[in-house]
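Remarks on the structure that follows.
The residues of the chain are indexed from 1 along the displayed sequence. These figures come from a predicted structure and were not determined experimentally.
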Amino acid sequence: MVLPSALVRTLIVACLAAVLAFAPAQAQQVVITTTVTWTYTTSDDDGDVLDEDAALLDDEAVASDADLGATRRYAPSSQLAALGRAKAVYGPFSVIDATTVRMAGDVDGATPRQFAAMLAAYPTLKRIEMVDCPGSLDEAANLILARAIRRQGMETVVPAGGSVRSGAVELWMAGVRRSAAPDAEFGVHSWADEYGREARDYPASDPVHAEYLSYYREMGLDDAKAHAFYAMTNATPFDDVTYLTRDDMARYVTLN
């Protein structure tokens, strides 16, 4: 059974075909114009898209970011807004002025290169304010960055309301001068390898332990404090966290 509407459509198509068959050649050229809109973005050297407006967050916006604060013990302090707006952004680093850079975010494989690029553009930077640093996605890159901070002679600061956790604690320790506000938060736990094995799963003689202990001594801890700090961090499983205060950290690390 053919519906009346289908019959009408068939007759219309037949009429159009007849008209086109007898029309001049020019009349058979059908031009379809498509309008496409897009948003221009810029990207860094690693190909990651950079949203310039989002990258230039002031600290009030950073403090309200749920992802950055997800593993904090407390919500970020409103005092973080006083640090000012960034002049330039390199990965987790935001340049505030000629001497100060703010850090918020994880360290990954690209972070050491971003740090080097930042120093090339702003060679007078001397102070890293570690606002909200969850840790490291690449432990080798984290240690490379830490040693670069030490070579540059930079000061590391956890400002009021600031938080450093996991591998970011090692970064803070890299400062030639280290300081922290009374309410600064430090979160520590054991490291874990790509197979899920933690520090306690490796024998005491394994070279991986010596690597961490060597780093702590390189950052100014004596042998006893290096061992004590390493044991304390590894007492907490990787998927948990132990929170320390500035005074807790002062038992192991010299503060200025």
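- Sorted by first and then second residue, the pairs that involve residues 245-256 and meet side-chain hydrogen bond (donor to acceptor under 3.5 Å, both in side chains), not counting sequence neighbours, are Thr245-Asp248.
- Closest heavy-atom contact between Asp108 and Thr111: N-OG1, 2.8 Å.
- Identified under the ring pair (Phe, Tyr, Trp, His ring centres under 6.0 Å) test for residues 91-116, with sequence neighbours left out: Phe93-Phe115.
- Applying the ring pair (Phe, Tyr, Trp, His ring centres under 6.0 Å) rule to pairs touching residues 124-158 yields nothing, sequence neighbours excluded.
- Note on ring orientation: taking the six-membered ring where Trp is involved, the planes of Tyr216 and Phe229 are perpendicular (angle over 60°, cut-offs 30° and 60°).
- Ion pairing of Arg127 with Glu155 is present here, as a side-chain N (NZ or NE/NH1/NH2) and a carboxylate O approach within less than 4.0 Å.
- Under the 4.5 Å side-chain heavy-atom criterion for Ile, Leu, Val, Met, Phe, Trp and Tyr, Leu221 and Tyr215 are members of the same hydrophobic cluster.
- Considering all non-hydrogen atoms of both residues, Thr156 and Trp172 come closest at OG1-O, 2.6 Å.
- Thr124 places a side-chain N or O within donor-acceptor distance of the main-chain N or O of Ala98, the cut-off being under 3.5 Å.
- When the side-chain hydrogen bond (donor to acceptor under 3.5 Å, both in side chains) test is applied to Ser136, no partner is found at least two apart in sequence or on another chain.
- With His189 contributing its side chain and Val241 its backbone, the two residues share no donor-acceptor pair below 3.5 Å.
- The ring of Tyr202 has its center closer than 6.0 angstrom to the ring center of Trp191.
- Checked by atom type and distance alone, the side chain of Arg150 pairs as donor or acceptor with a backbone atom of Gly175 at under 3.5 Å.
- Residues satisfying the side-chain contact (heavy atoms from CB on, under 4.5 Å) test with Ala121, not counting sequence neighbours, are Tyr90.
- Sorted by first then second residue, the salt bridge (charged side-chain N to carboxylate O under 4.0 Å, His left out) pairs that include residues 204-224, not counting sequence neighbours, are Arg147-Glu218, Arg217-Asp223.
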